[in-house]
Protein chains: 2
Amino acid sequence: MNTKDLAYFHQLISQKNFSQVADHFGVTQPTITLAVQRLEREFNARLVHRDRVHSQLIVTDAGQQLDVHASAVLRSLHVAHQEIDRLTQQQTVLGLPPIIENHYFPRVAARLQAAGMLENIRTIEGGSKWLRTALHDGQADIGLLGSTAPLSYNSLVAEEFDRQPFSIFVAKNHPLARRKRITFSELRHERFVLFTRSFIHDSAFNQLSHRNHFRPNVVFRSADTHLIMNLVAENVGITFLTALVDPHRDDVVRLDLLDDEQPAFISSIVYRNNHVMTAAQKRVLEILHATLGPTGSR
Amino acid sequence: MNTKDLAYFHQLISQKNFSQVADHFGVTQPTITLAVQRLEREFNARLVHRDRVHSQLIVTDAGQQLDVHASAVLRSLHVAHQEIDRLTQQQTVLGLPPIIENHYFPRVAARLQAAGMLENIRTIEGGSKWLRTALHDGQADIGLLGSTAPLSYNSLVAEEFDRQPFSIFVAKNHPLARRKRITFSELRHERFVLFTRSFIHDSAFNQLSHRNHFRPNVVFRSADTHLIMNLVAENVGITFLTALVDPHRDDVVRLDLLDDEQPAFISSIVYRNNHVMTAAQKRVLEILHATLGPTGSR
DNA sequence: AATTCATATAAATATCTTTTATAATAGTCC
DNA sequence: GGACTATTATAAAAGATATTTATATGAATT
């Protein structure tokens, strides 16, 4: 069977129009007709039903089932292409969310450099949610992801290596600045400057505000911790970040949260469970474990 | 790309001999050479390395990686074939381990029959471990599996519906027969007639004997509960089974185990996570949930 | 040196895929 | 209601790909 037929078919299921699919692939319309006919013969079943009355394409049960497998097959091949491309370039792509990159990566990079392996590492940055997708479809080989619940994905292996609480940061001259600890419910009337929603901080924050029955006043969102800290220092609002983001600055104060059952920022090493680690990648993983694992940290 | 090339390649990786692979598929030897060349061109990488010196075939990193994807692709297509075959025959295959079949299935079958759906169900029997594989590669659509730990598989969804303790069964005239409860450690010097190793009972049994630091004396194994019960009745030995296997006989006595942290026989409804349920299959699942779920049972 | 085993290459043949050209069917527009 | 449009199907020809046949190469084995 030709995988092109699967690609045509998969596109047909989403576009539901033979001619448009043909255009999409730069082929003529009968090509698509014939491809579907070949698949119907191969699987000995009707896959789509050309309903001329309502001029719409009906996908049969068999068609739906095949489409699921077709997309899995196409994804597999796409991932294989990317992985093998990187293998020949001797590159490993490491996906890092900004907070993790700032906090954990410097130590990892130092050890990778000492092992002469840093030049074979390329990093890509993005929120944990986006990186999960990037790992899944082969754009990255290994990721350090943050999450609030232990990760468990179908095609990914996750190894938790750290768990950090979330904290509140306020300006030095803020009324709460003298406090060391605080409960989330006391923040009911504060203004918040927060991370963008694509960060998992958002789910942790929502969890806490939902549990404390109030809708927090979020005055601004940014993807940049430094901007957020600057805004906090100027008293535009207070913020909610992991304790990992140590500001190294004297105009912002950190307050620990006292709530029971707080959400935690869980950091995990993640990779595809069908990814074959090369000798070099195994060493990268070892360095990650050694640096980030219980013995290696701080 | 032609999936045949992937099949040739995957076989080559396991057989490591071009001519034998050609024989295996009933084609001539150059076919395999050319298939590998096409793949190497497609992925722009060496996949195998023909080491003439030691007359062995070395698989490159890229080749290893491709092989993993090739087998995933071939499996996907194989599963698709089976699923679609059954779809056109309007059949759903239900995988059942013997204990579950005897204990839970009669009630399910009654409801399925009442709904006029029993004739579209075909069952296959096998140990839980074998059925897991059967589900994974598409021989069955839905399985009721037993396990000692909550199931979590890559490509399978598992929904736990019951948890039963394991018990000890002894002959009526056995010295222990008057006891109602017993700890596993008291069985140190008993003879055991057990289920075959392919049943999960074996892992539970091993767990208990390991925890109690003794190697039990297993005198016989069988896959047939009735035979086991007959042997127990004849005092050939005692056995270790779930409480589900209620013998309905007066020559065998059940003893509850008193141990803390006993392993449990967990029953789950399992299916492939990429299986598209037809309307009929959804109704089968509903009936399973209704019959086996917390409300529906006994 | 001759033989064997394993894989590669080239040309011919067989098979599959795509295009071109056209037909069929139903809906829309005036 | 006939012309027109949109969509998919079919048949034959052309183009592309896969497989075979026949033979070569290269190293190990006898």
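Every chain is numbered from 1 and lettered A, B, ... according to where its sequence line falls, protein lines coming before strand lines. Not measured: the values here are computed from a predicted model. Computed from heavy atoms alone, side chains included, the values below leave out hydrogens, waters and symmetry copies.
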Are [X] and [N] close enough that a side-chain N or O sits under 4.0 Å from OP1 or OP2?
{"X": "A/N17", "N": "D/dT8", "answer": "yes"}
{"X": "B/T28", "N": "D/dT21", "answer": "no"}
{"X": "A/S19", "N": "D/dT8", "answer": "yes"}
{"X": "A/R38", "N": "C/dT17", "answer": "yes"}

Could you check how far [atom1] of [X] sits from [atom2] of [N], rounded to whole Å?
{"X": "A/D23", "N": "D/dA6", "atom1": "CG", "atom2": "C1'", "result": "13 Å"}
{"X": "A/F18", "N": "D/dT10", "atom1": "CZ", "atom2": "P", "result": "11 Å"}
{"X": "B/E40", "N": "C/dT9", "atom1": "CD", "atom2": "C1'", "result": "15 Å"}
{"X": "A/M1", "N": "D/dT17", "atom1": "CE", "atom2": "C1'", "result": "17 Å"}
{"X": "A/Q56", "N": "D/dT7", "atom1": "CD", "atom2": "P", "result": "14 Å"}
{"X": "B/D5", "N": "C/dC16", "atom1": "CG", "atom2": "C1'", "result": "14 Å"}
{"X": "B/L39", "N": "D/dA18", "atom1": "CG", "atom2": "C1'", "result": "13 Å"}
{"X": "B/Q37", "N": "D/dT17", "atom1": "CD", "atom2": "P", "result": "15 Å"}

Select base, sugar-phosphate, or nothing to describe what A/Y8 touches, counting heavy atoms under 4.0 Å on all strands.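 Touches sugar-phosphate only.
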Name the nucleic acid region contacted by B/L34, choosing base, sugar-phosphate or nothing; use a 4.0 angstrom heavy-atom cut-off, strictly under.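 Base contact.
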If you only use heavy atoms from C-beta on, which nucleotide in [options] is closest to the side chain of [X]?
{"X": "B/R50", "options": "C/dA8, D/dT20, D/dT10", "value": "C/dA8"}
{"X": "B/N2", "options": "D/dT8, C/dT19, D/dA18", "value": "D/dA18"}
{"X": "B/V27", "options": "D/dT20, D/dA18, D/dT8", "value": "D/dT20"}

Donor-acceptor side-chain pairing of [X] and [Y] below 3.5 angstrom:
{"X": "B/R122", "Y": "B/Q91", "answer": "yes"}
{"X": "A/H275", "Y": "A/E83", "answer": "yes"}
{"X": "A/Q64", "Y": "A/T60", "answer": "no"}
{"X": "A/E125", "Y": "A/T123", "answer": "yes"}

Can you measure from CG (B/L12) to CG (B/L47) and round to the nearest 0.5 angstrom?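 It comes to 9.5 Å.
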Select from B/Q20 and B/P30 the residue whose nearest nucleotide in DNA chain C is closer to the 5' end of that strand. B/Q20
Using heavy-atom distances to pick each residue's nearest nucleotide on DNA chain D, tell me which of A/K4 and A/L12 is more 5'.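 With A/L12 and A/K4 compared, the 5'-side residue is A/L12.
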Between B/Q29 and A/T33, name the one whose nearest nucleotide on DNA chain D is closer to the 5' end. A/T33
